[in-house]
Amino acid sequence: KSSENELLVNQSKLKKLQLKSVEDKKTTQFRNIVILLLTGFLFSLILFRQLSLKKSLKQATQVDFLTGLPNRKMLYKTGLQLINIISENDRHIAMTVISIDEFSEINDEYGYKTGDLILQKVAQLGRETMRTRDMFARLGDAEFSAVLAEATLGEAKAISERLREKVASIAPESLGLNKPLSISVGIASRQQATGDFEQLVKATTIAMYDAQNNGKNQVIIYQDN
């Protein structure tokens, strides 16, 4: 009987050891699963941050930080692509260069904070005025530009006049100014400036300077003399 009792005790101990072994195995498996999930989560987080950083860096090379518009680099890239398409299909394309009148004087008198606000406001109005197929970008400093796909000179002038009127109608006090804001706009078409995209930019810029030098606050079409 004593031997039987001892055997039962040993069997009980063996079962407990077996149960403990099973529980330890489950605990180890659970811990491994948690470690695996955490590792996967951390890896995904690192990958996501790397992709976000890469996207941000790429965007920084394509977008103007202040206005959120495409920058000069993207303007030229898109312009070159459109010129190639237009050349192959013999379609209209026009371009505008828009300059904020007396912007340097505004910066000197009211400060760069006011200048930045003006740039952002003109950028907003430009986005609102352009058609969905047009590209509106910041060319540099106080200048913007629009590439108008499949637009004649007349259509480009109508769009530019709408933008000029919107800018002129801004309440000066809303920008911290004591006089109205205005823009000068130059327009040129692919038919006027044959050659590469740079030639189109040059012709449009010449027209913009003509608008500035002849009274400002107006839209002028390039004249090939």
Side-chain angles (χ1 to χ4, degrees), residues 58-104 118-119 122-168 182-225:
K58 182 178 180 181
Q59 187 177 29
T61 65
Q62 299 176 341
V63 177
D64 175 63
F65 177 76
L66 178 65
T67 62
L69 295 174
N71 59 18
R72 183 187 184 93
K73 179 180 178 180
M74 279 301 295
L75 174 71
Y76 272 70
K77 181 179 179 180
T78 303
L80 287 169
Q81 292 172 345
L82 284 173
I83 286 292
N84 292 334
I85 294 172
I86 294 302
S87 298
E88 292 173 359
N89 298 279
D90 194 28
R91 296 179 180 176
H92 288 286
I93 183 171
M95 182 176 180
T96 69
V97 170
I98 302 147
S99 180
I100 300 173
D101 294 331
E102 301 177 354
F103 187 73
S104 295
I118 290 171
L119 289 169
V122 173
Q124 175 196 336
L125 293 176
R127 277 192 295 260
E128 292 174 359
T129 306
M130 299 301 155
R131 304 166 304 175
T132 54
R133 62 179 176 274
D134 299 331
M135 182 179 191
F136 186 61
R138 186 179 180 190
L139 191 58
D141 196 21
E143 294 181 356
F144 298 85
S145 182
V147 178
L148 309 171
E150 299 185 7
T152 63
L153 283 173
E155 291 169 333
K157 185 172 183 181
I159 292 170
S160 298
E161 285 288 1
R162 283 199 297 272
L163 177 58
R164 186 193 62 79
E165 291 170 0
K166 286 182 179 181
V167 172
S182 66
I183 58 174
S184 296
V185 186
I187 304 173
S189 70
R190 168 67 171 162
Q191 286 70 28
Q192 292 176 304
T194 57
D196 58 15
F197 183 68
E198 186 66 40
Q199 292 300 315
L200 181 58
V201 175
K202 183 178 179 180
T204 310
T205 303
I206 290 172
M208 182 272 292
Y209 282 131
D210 286 343
Q212 283 188 327
N213 295 330
N214 288 280
K216 303 182 178 65
N217 191 27
Q218 59 183 310
V219 179
I220 287 186
I221 296 175
Y222 173 70
Q223 299 297 324
D224 186 5
N225 298 322

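Here the structure is a predicted model, which means the values were calculated and not measured.
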Worksheet item: Where the side chain of Gln192 meets the backbone of Ala203, is there a donor-acceptor pair that is under 3.5 Å apart?
Response: no
Item to complete: Could you tell me whether the side chain of Gln218 and the main chain of Ala211 form a donor-acceptor pair under 3.5 Å?
Response: yes
Practice prompt. Work out which heavy atom in Ala149 is nearest to a heavy atom in Leu82; give both atom names and the distance.
Written response: CB-CD2, 4.4 Å
Item to complete: Decide side chain to side chain contact (heavy atoms under 4.5 Å, CB included) for Leu75 and Met95; before the verdict, give the C-alpha distance in whole Å, the side-chain angles of both, and the deciding distance to 0.1 Å.
Response: CA-CA 11 Å; Leu75 174 71; Met95 182 176 180; 4.3 Å; yes
Practice prompt. Kindly compute the distance separating CD (Glu128) from CZ (Arg162), expressed to the nearest 0.5 Å.
Written response: 12.5 Å
Practice prompt. Could you pull out the closest heavy-atom pair between Leu200 and Thr204, with the gap in Å?
Written response: O-OG1, 2.7 Å
Worksheet item: So, the side chain of Arg127 versus the backbone of Met130: is there a donor-acceptor pair under 3.5 Å, distance only?
Response: no
Worksheet item: Taking atom CD of Gln212 and atom CE of Met208, what is their separation to the nearest 0.5 Å?
Response: 5.0 Å
Worksheet entry | CD1 on Ile220 to CD1 on Ile206, rounded to 0.5 Å | 12.5 Å
Item to complete: Mind running salt bridge (Lys or Arg N to Asp or Glu O under 4.0 Å) on Arg138 and Asp64 for me, showing each step along the way?
Response: CA-CA 7 Å; Arg138 186 179 180 190; Asp64 175 63; 3.3 Å; yes
Practice prompt. Enter the distance from Glu150:CD to Glu155:CD here, rounded to the nearest 0.5 Å.
Written response: 9.5 Å
Discussion item. Show, in sequence, the C-alpha distance, side-chain angles and deciding distance for Arg190 and Arg91, and conclude whether the side chain to side chain contact (heavy atoms under 4.5 Å, CB included) test is met.
Written reply: CA-CA 9 Å; Arg190 168 67 171 162; Arg91 296 179 180 176; over 6 Å; no
Item to complete: Could you verify whether a donor N or O on one side chain and an acceptor N or O on the other, from Asn217 and Arg164, lie under 3.5 Å apart?
Response: yes
Discussion item. For the CG atom of Leu153 and the OG1 atom of Thr96, what is their distance to the nearest 0.5 Å?
Written reply: 11.5 Å
Discussion item. Nearest 0.5 Å, please: how far is OG in Ser189 from NZ in Lys157?
Written reply: 13.5 Å
Worksheet, complete the sentence: Taking every heavy atom of Ala151 against every heavy atom of Arg131, the minimum-distance pair comes out as CB-NH2, 3.5 Å
Fill in: Closest non-hydrogen atom pair between Ser145 and Val97, with its separation
OG-CG2, 4.2 Å
Item to complete: Find out whether Ile100 and Leu119 are in side-chain contact, i.e. whether some heavy atom of one side chain is under 4.5 Å from a heavy atom of the other.
Response: yes
Discussion item. Quick check: do Phe103 and Glu143 have side-chain heavy atoms less than 4.5 Å from each other?
Written reply: no
Worksheet item: Can you say whether the rings of Phe144 and Phe136 are parallel (under 30°), tilted (30 to 60°) or perpendicular (over 60°)?
Response: parallel
Discussion item. The test is side chain to side chain contact (heavy atoms under 4.5 Å, CB included); show your working for Ile98 and Leu163 and say whether it passes.
Written reply: CA-CA 10 Å; Ile98 302 147; Leu163 177 58; 3.7 Å; yes
Fill in: Ser160 to Ile187 - nearest heavy-atom pair and separation
OG-CD1, 3.7 Å
Discussion item. Tell me whether Lys77 at atom NZ has more than 12 heavy atoms from other residues, nucleotides or ligands lying less than 6.0 Å away.
Written reply: no
